[in-house]
Amino acid sequence: MSHTVTVTRTTTTTTTSALILNIGYLKTWPGIFKLFQLLLGIVNVGLVGYYYNERFITVPATFFLLMAVTFLVGTFLILLSCLASISTASIIAKTFYEFIYHLFAFILYLAASLTLLVHVNQYKRSYYYIYDEYTAASVIGLIISILYLLSAIFAYRSYKSV
């Protein structure tokens, strides 16, 4: 028995000058992780930057601040590009770049947080040292490291599913 099938295709093109944000990306796990990485990164940079003392500059505090600013800017740019373009959010997740970025962010943020935490605990009896603030920044850095690890896992799964 034969059937006749008619297929009709319609192409519609619309143009707009309005900026459309992909807010739906923030409802996905990678979007949530990036948002929290960004917010906690802002707290870290503000905390360490505010208490960064010229007379007692330490290498661990400098390394921590450098890693915090580096990955704050990188995460902001990735999140901004995923929010500004619907296609970017789906394409960048399938690339190996996002996995490598989050893996290196995890390793370097973890190293910076542990280095600062150990350094603070060694010198916590010093009268000039900012113990509580740097300890808080280190703990927040460890939380951000976990978020970057989770983002790396999600990015790897997304990359392998292609």
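Quick caveat, the model's predicted, so the values are computed rather than measured. Worth knowing before you read on, the calculation uses all heavy atoms, side chains too, and leaves out hydrogens, waters and symmetry mates.
- Shown here for Ala93 and Ser158, the closest heavy-atom pair between the two residues is O-OG, 2.9 Å.
- Residue Asn44 holds its CG atom at 9.5 Å from CG of Leu72, rounded to the nearest 0.5 Å.
- Listed for the Tyr148 side chain is no donor-acceptor partner under 3.5 Å among the backbone atoms of Ile107.
- For Thr62, the side-chain hydrogen bond (donor to acceptor under 3.5 Å, both in side chains) partners at least two apart in sequence or on another chain are Tyr52.
- A distance of 12.5 Å separates CG of Leu110 from CE of Met67, quoted to the nearest 0.5 Å.
- In summary, the aromatic rings of Phe154 and Phe33 are positioned with their centroids under 6.0 Å apart.
- Between Tyr109 and Ser145, the shortest heavy-atom contact is C-OG, 3.4 Å.
- For the pair Leu108/Thr70, no side-chain contact is recorded, criterion being any heavy-atom separation below 4.5 Å from C-beta on.
- The two atoms that bring Gly41 and Ile144 nearest to each other are N-CD1, 3.6 Å, heavy atoms only.
- We find the CG-CZ distance between Leu147 and Phe106 to be 11.5 Å, quoted to the nearest 0.5 Å.
- Shown here for Tyr25 and Thr28, the closest heavy-atom pair between the two residues is O-OG1, 2.7 Å.
- If you check the side chains of Tyr101 and Thr75, you find a donor sitting under 3.5 Å from an acceptor.
- Residues Lys34 and His102 are in side-chain contact: their nearest non-hydrogen atoms beyond the backbone lie under 4.5 Å apart.
- A distance of 6.5 Å separates CD1 of Ile20 from CD1 of Ile86, quoted to the nearest 0.5 Å.
- For the residue pair Thr115 and Pro60, the shortest heavy atom distance occurs at CG2-CB, 3.8 Å.
- If you look at Tyr159 and Phe99, their ring centroids are not closer than 6.0 Å.
- By the 6.0 Å contact criterion, CZ on Phe36 is open, its count of non-hydrogen atoms from other residues, nucleotides or ligands being 12 or less.
- When all heavy atoms are compared, the tightest approach of Asn22 to Cys82 is ND2-O, 3.4 Å.
- Checked by atom type and distance alone, the side chain of Lys27 never pairs as donor or acceptor with a backbone atom of Ile23 at under 3.5 Å.
- Considering OH of Tyr51 and CG of Leu65, their distance stands at 14.5 Å, rounded to 0.5 Å.
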